[in-house]
Amino acid sequence: VPVFRQIVEQIRRAVAAGVYRADEPIPSQRALALELTVNPNTVQRAYEVLEREGLVRARKGVGMFVTEEGVHEAMDKAEAAVHSTFVQGIRAAQAAGIPVGQIRAAFEQAMEETEVKEENES
């Protein structure tokens, strides 16, 4: 995957996770290039894609800001990715001959393990 695409996905995931909210700035092209040790043109290309997709909007002389629509789009893509992962897992379980009840139980167990982690981190 090209580096600029990786940056696009990284920003999209950060928006979906609430790291960047609507009307908040994302890092400047120069700052992100330095942080990631990539050419600033690579970051510029990623930001152009994000702007074309409507995830961010440029404010002249100020920087790039997350749009309200961008937040919704990022969340929709994140939910679609989760759904796809669940479908793949279910299909793999079915192909292995695991009964539906055990698939559900495995999902519930994974949910419980995640909730335990979240409680321990708080």
Side-chain angles (χ1 to χ4, degrees):
V1 178
V3 174
F4 83 94
R5 280 275 169 216
Q6 293 176 40
I7 294 169
V8 168
E9 289 308 312
Q10 176 185 354
I11 298 290
R12 184 177 287 118
R13 283 192 302 272
V15 170
V19 174
Y20 306 118
R21 299 177 194 274
D23 294 322
E24 288 185 353
I26 60 174
S28 72
Q29 292 177 13
R30 184 171 301 218
L32 190 58
L34 286 171
E35 180 184 330
L36 300 176
T37 61
V38 298
N39 188 305
N41 293 334
T42 303
V43 177
Q44 179 180 352
R45 187 170 178 194
Y47 281 17
E48 288 170 354
V49 170
L50 290 167
E51 189 170 24
R52 257 194 325 272
E53 292 179 357
L55 192 87
V56 297
R57 178 181 57 246
R59 292 187 188 164
K60 193 157 185 110
V62 183
M64 300 292 267
F65 289 76
V66 177
T67 65
E68 187 70 40
E69 300 81 28
V71 171
H72 296 297
E73 184 239 331
M75 287 299 299
D76 288 347
K77 286 199 177 206
E79 289 175 15
V82 168
H83 177 80
S84 175
T85 300
F86 286 163
V87 168
Q88 289 174 353
I90 291 166
R91 285 186 178 146
Q94 288 173 327
I98 299 172
V100 172
Q102 284 182 312
I103 296 170
R104 282 195 177 102
F107 176 80
E108 289 299 323
Q109 181 181 2
M111 287 294 293
E112 288 173 16
E113 289 170 8
T114 302
E115 289 171 10
V116 170
K117 270 188 175 176
E118 289 175 5
E119 290 171 7
N120 289 340
E121 291 176 2
S122 299

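Grouping the Ile, Leu, Val, Met, Phe, Trp and Tyr side chains by contacts below 4.5 angstrom, directly or via other members, places V87 apart from I103. Under a hydrophobic-cluster definition in which Ile, Leu, Val, Met, Phe, Trp and Tyr are linked whenever side-chain heavy atoms come within less than 4.5 Å, directly or via other members, F107 and V82 are assigned to the same cluster.
In R59, the CZ atom is crowded: over 12 heavy atoms of neighbouring residues, nucleotides or ligands sit closer than 6.0 Å.
Rounded to the nearest 0.5 Å, atoms CZ (R5) and OG1 (T42) are 13.0 Å apart. Taking CZ of R57 as the reference point, atom CD of E68 lies at 10.0 Å (rounded to 0.5 Å). Taken to the nearest 0.5 Å, the CD atom of E108 stands 6.5 Å off from the CD atom of E112.
L34 belongs to no hydrophobic cluster, as no Ile, Leu, Val, Met, Phe, Trp or Tyr side chain comes under 4.5 Å of its own. The hydrophobic cluster containing I11, built from Ile/Leu/Val/Met/Phe/Trp/Tyr side-chain heavy atoms closer than 4.5 Å, also comprises V3, F4, I7, V8, V15, V19, Y20, I26, L32, L36, V38, V43, Y47, V49, L50, L55, V56, M64, V66, V71. Under a 4.5 Å side-chain heavy-atom criterion applied to ILVMFWY residues, the cluster that includes M75 comprises that residue alone.
Side-chain contact check for E48 and Q44: at least one donor-acceptor pair (N or O, by modelled atom type) lies under 3.5 Å.
Considering every non-hydrogen atom in both A78 and A16, the closest pair reads CB-CB, 4.0 Å.
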Please walk me through it: do E73 and T67 pass side chain to side chain contact (heavy atoms under 4.5 Å, CB included)? CA-CA 10 Å; E73 184 239 331; T67 65; over 6 Å; no
